[in-house]
Amino acid sequence: MRILVVDDDMIALALLENALVDAGHEVQTACNGREALTVLRKGRHQLVISDWEMPEMNGLDLCRAIRSGEFTGYVYTMLLTGRDDSQDIVEGLSAGADDFITKPFNPAELLMRVRTGERILSLEMRDLTIFALAKLAESRDPETGAHLERVRNYAFILASDLAGRPEYAGLVDAQFARLVYLTSPLHDIGKVAIPDCVLLKPGRLSDREFDIMKTHTTLGARTLEAARREHPGAGFLRMACEIAATHHERYDGSGYPEGLIGENIPLSGRIVAVADVYDALTTKRIYKGAFGHDVARSIIVQGSGTHFDPKMVESFLRHEGDFLEVQRTYAEIQAEAA
């Protein structure tokens, strides 16, 4: 496991690092919360052990920053502290800490608590499995490239923007944004049931063929709903069903499969609609070339209030630069892999 240890006390930092390295973990260190955030943005650390009292940014503020929604993967956070008052524990948990270690720490207890963190983090294998299933469905269409990766990043950008806006308080938060990121790759899972002669047709689809193509929404939703019935406690499946069923609905009711109107379309579906269309416009497909960002922007703006929720279009316009950065990043990855 990759662990980041944060403490302004160099002796304590060295003791923690040695105990963890001896146990076989890969360890990186930081001297305060601000430095720790810089390290976290550059790497894939799954677990953070942080002192509570530090200069520049203390452990509580570091926990809050980690839970703000910037990181798509879950970061398990442990606070190292001499505090043991119940109010302090409540404050730490409220800030987003997962566990506490009392100073001076016992190395055996430290390693057991890290092992507990490992068990909880293993739940992220669920996320990997979800994405693997989505990629399996996508693999039938060699033209889509990194479509799922781009769409989930675009959707995360939009959802994170909404989480910071007062009109969505109580409805959208960092957890909602992360669920959108997790489940949006399943939006086209129903395409596994679409015949190749329709899915891979290089030209325009006939009315009959388009009717067949449209069934991918209901087929995907039914498949995910069946899984949800078997595992009713898996809340992420509810959003996955919503997205699969409604990402082709249109704000004015002219979409499919149900012709839902306005806010009758689940918010997750309205978010993914913008992300999916933007990616379809800006990438080469078997039936079309790639449009530039300005053309895609114009089409999305023109669709505000008809195809798209105007609020989602406003969010898109606030974060055009972030969309372009995602586009550039995956273009570079694909070029390196070629």
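Not measured: the values here are computed from a predicted model. Heads up: numbering here begins at 1 and tracks the sequence.
- Applying the ring-ring contact (aromatic ring centres under 6.0 Å, His included) rule to Phe323 yields the partners Tyr154, Tyr278, Phe316; only residues at least two apart in sequence or on another chain are considered.
- Pairing each heavy atom of Val6 with each of Gly33, the nearest pair is CG1-N, 4.1 Å.
- Atom CG of Leu267 and atom NZ of Lys311 lie 12.0 Å apart (nearest 0.5 Å).
- Under a 3.5 Å cut-off, the side chain of Lys201 and the backbone N or O of Arg204 do form a donor-acceptor pair.
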As a quick check of understanding, evaluate side chain to side chain contact (heavy atoms under 4.5 Å, CB included) for Asp161 and Arg165, giving each step before the final call.
CA-CA 7 Å; Asp161 174 75; Arg165 306 198 69 79; 3.7 Å; yes

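- Summarising the local packing, CD1 of Ile11 is surrounded by 12 or fewer heavy atoms from other residues, nucleotides or ligands at distances under 6.0 Å.
- Using modelled atom types, one finds a donor on one side chain and an acceptor on the other under 3.5 Å when comparing Tyr181 with Arg152.
- Residue-environment remark: CZ (Arg318) exceeds the threshold of 12 foreign heavy atoms within 6.0 Å.
- Across every non-hydrogen atom of Pro266 and Glu242, the tightest pair is CB-OE1, 3.6 Å.
- A pairwise comparison of heavy atoms in Met78 and Val114 identifies CE-N, 4.2 Å as the closest pair.
- Rounded to the nearest 0.5 Å, atoms CZ (Phe291) and CG (Leu281) are 6.5 Å apart.
- Among all heavy-atom pairs drawn from Gly117 and Leu47, the shortest one is CA-CD1, 4.4 Å.
- Side-chain contact between Val48 and Ile3: absent, with no pair of heavy atoms (C-beta onward) separated by less than 4.5 Å.
- Side chains of Thr329 and Val326 form no contact here, defined as non-hydrogen atoms less than 4.5 Å apart.
- For the pair Asp98 and Arg67, the salt-bridge criterion is met [side-chain N within less than 4.0 Å of a carboxylate O].
- Taking OG1 of Thr29 as the reference point, atom CG of Leu16 lies at 10.5 Å (rounded to 0.5 Å).
- Partners of Glu263 according to the salt bridge (charged side-chain N to carboxylate O under 4.0 Å, His left out) rule, which considers only residues two or more places apart in sequence or in another chain, do not exist here.
- No donor-acceptor pair under 3.5 Å is formed between the side chain of Asp188 and the backbone N or O of Lys191.
- Applying the 4.5 Å side-chain rule to ILVMFWY residues, one finds Leu260 in the same cluster as Ile265.
- In this structure, the side chains of Leu110 and Ile49 come closer than 4.5 Å at one or more pairs of heavy atoms.
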Give the C-alpha distance, both sets of side-chain angles, the deciding distance and a yes or no for side chain to side chain contact (heavy atoms under 4.5 Å, CB included) between Leu20 and Leu111.
CA-CA 7 Å; Leu20 293 165; Leu111 297 179; 4.1 Å; yes

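- Defined by atom type and a distance below 3.5 Å, a donor-acceptor pair is missing between the side-chain atoms of Tyr76 and Arg113.
- Residues Asp173 and Tyr168 have side chains not in contact (no heavy-atom distance under 4.5 Å, counting atoms from C-beta outward).
- Side-chain atoms of Glu325 never come within 3.5 Å of backbone atoms of Asp322 as a donor-acceptor pair (strictly under, hydrogens ignored).
- Listed by first and then second residue, the ring pair (Phe, Tyr, Trp, His ring centres under 6.0 Å) pairs that reach into residues 237-276 are His187-His247, Phe210-Tyr256, His216-His247, His216-His248, His248-Tyr256, sequence neighbours excluded.
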Would Phe100 and Leu80 satisfy side chain to side chain contact (heavy atoms under 4.5 Å, CB included), going step by step from the backbone distance to the final call?
CA-CA 6 Å; Phe100 297 85; Leu80 186 64; over 6 Å; no

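- Here the side chain of Glu249 pairs a donor or acceptor atom with the backbone of Gly259 at under 3.5 angstrom.
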Working note: Lys103 + Asp9, criterion salt bridge (Lys or Arg N to Asp or Glu O under 4.0 Å); need CA distance, chi angles, decisive distance, verdict.
CA-CA 12 Å; Lys103 281 186 170 182; Asp9 183 331; 5.6 Å; no

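- Under the 4.5 Å side-chain criterion, counting only non-hydrogen atoms from C-beta, Thr81 is not in contact with Asp51.
- Atom CG of Leu182 and atom CD of Gln175 lie 9.0 Å apart (nearest 0.5 Å).
- Heavy-atom contacts from other residues, nucleotides or ligands closer than 6.0 Å to CZ of Arg328 number more than 12.
- Judged purely by atom type and a 3.5 angstrom limit, Asp279 has no side-chain atom pairing as donor or acceptor with the backbone of Ala275.
- Looking at residues two or more places apart in sequence or on another chain, you find a side chain to side chain contact (heavy atoms under 4.5 Å, CB included) between Asp252 and Arg250, Ser254, Thr306.
- A salt bridge links Lys214 and Asp211; the closest N-O separation between the charged side-chain nitrogens and carboxylate oxygens is under 4.0 Å.
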Side-chain donor-acceptor pairs of residues 295-305 under 3.5 Å, sequence neighbours excluded:
{"residue": "Arg297", "atom": "NE", "partner": "Glu320", "partner atom": "OE1", "Å": "2.9"}
{"residue": "Arg297", "atom": "NE", "partner": "Glu320", "partner atom": "OE2", "Å": "3.0"}
{"residue": "Ser298", "atom": "OG", "partner": "Gln302", "partner atom": "NE2", "Å": "3.2"}

Derivation of the side chain to side chain donor-acceptor pair (under 3.5 Å) call for Gln28 and His45:
CA-CA 9 Å; Gln28 194 164 351; His45 295 83; 3.1 Å; yes

Stepwise, does the side chain to side chain contact (heavy atoms under 4.5 Å, CB included) test hold for Met213 with Leu199?
CA-CA 7 Å; Met213 179 66 83; Leu199 183 67; 4.1 Å; yes

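- Distance check, rounded to the nearest 0.5 Å: CD1 of Ile271 to CZ of Phe308 gives 13.5 Å.
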Please test Glu225 against Arg222 for salt bridge (Lys or Arg N to Asp or Glu O under 4.0 Å), starting from the C-alpha separation and ending with a verdict.
CA-CA 5 Å; Glu225 182 59 36; Arg222 285 175 196 160; over 6 Å; no

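- Taking both residues in full, the closest heavy atoms of Ala244 and Gly220 are given as CB-C, 4.2 Å, listed atom of the first, atom of the second, then distance.
- Residues Leu37 and Met57 form a side-chain contact, since some pair of their non-hydrogen atoms from C-beta on lies under 4.5 Å apart.
- Separating the CD atom in Glu56 from the CG atom in Asn32 is a distance of 4.5 Å, to the nearest 0.5 Å.
- Looking at Glu91 and Leu60, their side chains come closer than 4.5 Å, going by heavy atoms from C-beta outward.
- A continuous path of Ile, Leu, Val, Met, Phe, Trp and Tyr side chains, each step under 4.5 Å between heavy atoms, connects Val272 with Val277, placing both in one hydrophobic cluster.
- Minimum interatomic distance between Asp8 and Pro55 (heavy atoms only, all atoms of both residues): OD2-CD, 3.5 Å.
- At least one side-chain heavy atom of Ile189 sits under 4.5 Å from a side-chain heavy atom of Leu186.
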